Number of protein chains: 2
Amino acid sequence: MKPAFSLPTDTSFGNSNSMAISVLIVDDHYMVVEGIHSLLQNEEQIEWVGHANNAASCLALLQSRVPDVLLMDISLPDASGIDLCKQVKQLYPAVFVLALTTFSQLNYVDQMMAAGASGYLLKNVSARELTEALQKVVSGKIVFSDEVAKAMHVQAANRGVVITRREKEVLALIANGQTNQEIATMLYVSVSTVETHRKNLLQKLQAKNTAALVKLAMDQKLI
Amino acid sequence: MKPAFSLPTDTSFGNSNSMAISVLIVDDHYMVVEGIHSLLQNEEQIEWVGHANNAASCLALLQSRVPDVLLMDISLPDASGIDLCKQVKQLYPAVFVLALTTFSQLNYVDQMMAAGASGYLLKNVSARELTEALQKVVSGKIVFSDEVAKAMHVQAANRGVVITRREKEVLALIANGQTNQEIATMLYVSVSTVETHRKNLLQKLQAKNTAALVKLAMDQKLI
DNA sequence: CTTAAATTCCCAATAAAAAGGGATTTTAAT
DNA sequence: ATTAAAATCCCTTTTTATTGGGAATTTAAG
């Protein structure tokens, strides 16, 4: 089985205190940007490159200046952090992406790491934690804030359910109250097909029936 | 170990004019507190009283100093903002509570307002918006940031559904995958009764079937 | 004490979902 | 070209949910 992410082999960056770590932040919450900015303001090893509040302006900014670390919110107005992370890592492999998130978005940890992120921090991180995380990240390490690590463990049982594109479509329609017949009509397939998808969904999510299916799916942000 | 709360070290009231609005913030996200602080730092009409990062320390702080406005996150580690708001309004009716929230927590607007809050702002508010909101609030007005107002309108159709205690129990069991027969056994009532509750739930939430019921209920945080 | 809301119970017919097989065609990756 | 995964389709039986009526008891609030 493939790991959801892999450690970078490049560990050539030493922990040189002479070279400041340049940081760019992407987040659409003005307060978060301000908060991080003020957290890092007094850190001499950190160089504040700037901020973008969406994926597009982030990519634009990167064209003129590539920072060591990109602090990235996973929910952005014009793209998912996951997609942006993939794109950035493809265009600028040297950038370390550090995901910034809230407690409610822990379900995306795997996808974010698979997209090439170097770690995952909760937004209520302290100045010390953040600085340490930045230093670890630029030396090639993977970092998770304690709460993330803990939450990942707790959620381990229910995570990693993979449903297909079609199943997701069917799932959404089920949750919307459509019957198999209606879904079949909407998707231009037979009722049998919809029944099969439903059967597979129940099996994949280990749900006893539709009600449980919808609840579990929503818990796991599949809807 | 971080202190649970802090008072401003700067106690020189020299430059603050007599009509300054005193503000206390309760939020467990360090960044949000920092963000707000830096937003309000340069506003002369605003006096920063301090911050608490949980409900308990907020109540403790209020014993020594009651601000004009209490900026409050609705999700706190040791209590819900809704409960804290109720408590505060009962103990200190003169305080205006202004809820601070993220887009994903709009479902609580009603409950927060019912608890006595004076308004609801998204955390990505700008300095200008925030200052204006604070001024309106102390004059007794109710304020919503534009996005909240918009979202409320969108959600208007599905908001304000009141279900009974028993219905809520049944709902939870339904979402858990139990059948009517199972629920009946668990609650020591007849299947007919469960069927009736289910019927009423479908009707109250305007759901076509169980799937839609569970989704709508979860959207409205009824589960 | 009244009254409204909540909770409880019943029946019967119909519609839909769940379970249990199985099978074929597309699609995408190596 | 091969192969595994995804998507499609079919059938039958059993179990549940949904609908559409009623009606009798508790509870809680004024």
Side-chain angles (χ1 to χ4, degrees), chain A residues 1-6 83 86 90 110-111 114-116 160-218 220 222-223, chain B residues 110 114 160-218 220 222-223:
Chain A
M1 61 193 109
K2 259 188 295 189
F5 57 86
S6 62
D83 291 335
K86 278 184 199 158
Q90 191 168 17
D110 280 348
Q111 289 173 71
V161 174
V162 179
I163 63 171
T164 68
R165 198 188 295 105
R166 202 54 156 174
E167 283 164 355
K168 195 168 186 173
E169 285 186 89
V170 172
L171 179 56
L173 293 170
I174 288 173
N176 207 40
Q178 261 72 53
T179 66
N180 288 339
Q181 178 54 66
E182 289 167 342
I183 296 171
T185 304
M186 293 170 97
L187 298 182
Y188 302 106
V189 295
S190 80
V191 176
S192 310
T193 302
V194 181
E195 277 171 349
T196 302
H197 287 312
R198 191 190 274 262
K199 219 183 295 183
N200 292 333
L201 282 166
L202 287 171
Q203 203 258 311
K204 281 188 180 180
L205 296 225
Q206 295 282 296
K208 270 186 63 178
N209 53 32
T210 304
L213 174 68
V214 173
K215 178 170 188 299
L216 291 169
M218 289 193 79
Q220 291 173 58
L222 261 29
I223 298 176
Chain B
D110 279 349
V161 174
V162 179
I163 64 172
T164 68
R165 197 189 294 107
R166 200 55 156 176
E167 284 164 354
K168 197 169 186 174
E169 282 186 90
V170 172
L171 178 56
L173 292 169
I174 288 172
N176 207 40
Q178 261 72 52
T179 65
N180 288 338
Q181 178 55 65
E182 289 167 341
I183 296 171
T185 304
M186 296 171 95
L187 298 183
Y188 303 106
V189 296
S190 81
V191 175
S192 308
T193 302
V194 181
E195 277 172 349
T196 301
H197 287 313
R198 192 189 273 263
K199 219 185 295 183
N200 291 334
L201 282 165
L202 288 171
Q203 203 258 310
K204 281 188 179 179
L205 296 226
Q206 295 282 298
K208 270 187 64 178
N209 54 31
T210 304
L213 174 67
V214 173
K215 177 166 190 298
L216 292 170
M218 290 194 79
Q220 292 172 61
L222 260 29
I223 298 177

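Quick note on labels: first sequence line is chain A, next is B, and so on, each numbered from 1. As the structure is a prediction and not an experimental result, all values here were calculated from the model.
Checked by distance alone, B:T196 brings a side-chain donor or acceptor within 3.5 Å of a matching partner on the base of C:dC9.
Between B:N209 and D:dT18, a side-chain N or O to OP1/OP2 separation shorter than 4.0 Å is absent. Residue B:H197 places none of its side-chain N or O atoms closer than 4.0 Å to OP1 or OP2 of C:dT7. Contact check, A:T164 against D:dA6: no side-chain N or O comes under 4.0 Å of OP1 or OP2. Proximity of A:T210 to the phosphate of C:dA18: a side-chain N or O atom is located under 4.0 Å from OP1 or OP2. For the OP1/OP2 pair of C:dA17 and a distance below 4.0 Å, the side-chain nitrogens and oxygens of A:N180 include at least one atom meeting the criterion.
Here B:S190 lies in heavy-atom contact (under 4.0 Å) with sugar-phosphate atoms only. B:E195 comes within 4.0 angstrom of a base, heavy atoms only. Contact annotation for B:S192: base contact, defined as any heavy-atom pair under 4.0 Å involving a base atom.
Distance CG (A:L201) to C1' (C:dA19): 15 Å, rounded to an integer number of Å. Separating the CZ atom of B:R165 from the P atom of D:dT26 is a distance of 17 Å, rounded to the nearest angstrom. The nearest whole Å value for the distance from the CD atom in B:E182 to the P atom in C:dA18 is 13 Å. The CZ atom of B:R198 sits 12 Å away from the C1' atom of C:dA17 (whole-angstrom rounding). B:R166 places its CZ atom 9 Å from the C1' atom of C:dT8, with the value rounded to the nearest Å. Spacing between atom CG of B:L187 and atom C1' of C:dA6 amounts to 15 Å, rounded to whole angstrom units. Computed from coordinates, the A:E167 CD to D:dA5 P distance equals 13 Å when rounded to whole Å. Rounded to whole angstrom, the span from the CG atom of A:L173 across to the P atom of C:dA17 amounts to 12 Å.
In the set C:dC9, C:dT7, D:dA7, C:dC9 carries the atom at the smallest distance from any side-chain atom of B:V189. When distances run from any side-chain atom of B:K199 to the nucleotides D:dT18, C:dA17, D:dG20, the shortest one goes to D:dG20.
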Next item on the list: Please assess B:E182 against A:K208 for the test salt bridge (Lys or Arg N to Asp or Glu O under 4.0 Å), listing each intermediate value before the final yes or no.
Entry: CA-CA 12 Å; B:E182 289 167 341; A:K208 270 186 63 178; 3.0 Å; yes
Check: Is there a side-chain hydrogen bond (donor to acceptor under 3.5 Å, both in side chains) between B:T193 and B:S190 once you walk through the steps?
Finding: CA-CA 5 Å; B:T193 302; B:S190 81; 3.3 Å; yes
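Side-chain contact check for A:R198 versus A:T210: some heavy-atom pair is nearer than 4.5 Å. The shortest side-chain heavy-atom distance between B:T164 and B:N200 does not fall under the 4.5 Å cut-off.
Environment of NZ in A:K168: sparse, with no more than 12 heavy atoms of neighbouring residues, nucleotides or ligands closer than 6.0 Å.
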